[in-house]
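Data first, discussion second: the structure below is written as structure tokens.
Note that the structure is predicted; figures quoted are calculated from it, not measured.
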Amino acid sequence: QVQLVESGGGLVQAGGSLRLSCAASGSIFSFNVMGWYRQAPGKQRELVAAINIGGRTNYADSVKGRFTISRDNAKNMVYLQMNSLKPEDTAVYYCNTDRGISSYWGQGTQVTVSS
């Protein structure tokens with residue numbers, strides 16, 4: 001079955017940067033859209049960014065201009081470059097893809113941004 005594993009989270013100061021990675025067990029040529037979601041304490045999980053097989057992207061308004069999603073289909077990897085981080089970006093970040101009627105999620109990676 002599809003497995004997704006996130007990495008790259010950590011603790012950074014406001015204004016800093018992190019690069020998150022998502023490794024997929026299968027070829028991401030099979031996954032039209034891949035995305036990053038996040039869930040902050042006491043908040044609902046929200047879409048941060050998504051990218052389709054052709055490289056078209058969508059971003060939450062709160063991260064536009066600061067975050068960049070990318071994918072390397074040959075390496076079965078999806079990335080989220082996060083710049084100009086703010087304390088409100090603090091959350092667990094999850095990699096996601098939908099295939100057919102199924103949704104697949106990684107275990108999440110913690111991002112903490114201090115003031």
Heavy-atom check, side chain of Ser17 versus side chain of Gln81, under 4.5 Å: yes
Cys22 side, atom SG; Met77 side, atom CE - distance, nearest 0.5 Å: 7.5 Å
So SG of Cys95 and CD1 of Ile69: to nearest 0.5 Å the spacing works out to 8.0 Å
Linking I/L/V/M/F/W/Y whenever any side-chain heavy atoms sit under 4.5 Å apart, do Tyr59 and Leu18 land together? yes
Check: Gln3 main-chain N/O paired with Ser25 side-chain donor or acceptor under 3.5 Å: yes
Single-linkage hydrophobic cluster, 4.5 Å side-chain cutoff, Val48 and Trp105 together: no
Can you find a pair of side-chain heavy atoms, one from Arg71 and one from Ile53, that are under 4.5 Å apart? yes
Considering only heavy atoms from C-beta outward, does the side chain of Arg66 approach that of Asp89 to under 4.5 Å? yes
Rounded to the nearest 0.5 Å, what's the gap from OG on Ser115 to CD on Gln13? Could you check? 9.5 Å
Donor-acceptor pair, distance only, cut-off 3.5 Å: does the side chain of Thr97 make one with the backbone of Val33? yes
Heavy-atom closest pair, residues Leu47 and Trp36: CD1-O, 3.6 Å
Ion pair check, Lys64 and Asp61, cut-off under 4.0 Å: yes
Could you check whether any side-chain heavy atom of Ser7 comes within less than 4.5 Å of a side-chain heavy atom of Thr109, counting everything from C-beta outward? no
So, do Ser21 and Glu6 sit near enough that their side-chain heavy atoms are less than 4.5 Å apart? no
Aromatic Tyr79 / basic Arg19 pairing, under 6.0 angstrom, 45° off normal: yes
Do the side chains of Tyr93 and Met82 get nearer than 4.5 Å, heavy atoms only? yes
Set out, in order, the CA-CA distance, both residues' side-chain angles and the distance that settles side-chain contact (heavy atoms from CB on, under 4.5 Å) for Leu85 and Phe67, then state yes or no. CA-CA 9 Å; Leu85 283 161; Phe67 291 11; 3.8 Å; yes
Is it true that a side-chain atom of Arg38 and a backbone atom of Tyr94 form a donor plus acceptor pair closer than 3.5 Å? no
So if I apply the side chain to side chain contact (heavy atoms under 4.5 Å, CB included) rule between Val111 and each of Val92, Thr90, Leu20, Leu80, which one comes out positive? Leu20
Donor-acceptor pair between Arg45 and Tyr37 side chains, under 3.5 angstrom: no
Can you tell me how far CD1 of Ile51 sits from CZ of Phe31, rounded to the nearest 0.5 angstrom? 14.5 Å
Interatomic distance, Leu4 atom CG to Asn76 atom CG [nearest 0.5 angstrom]: 10.5 Å
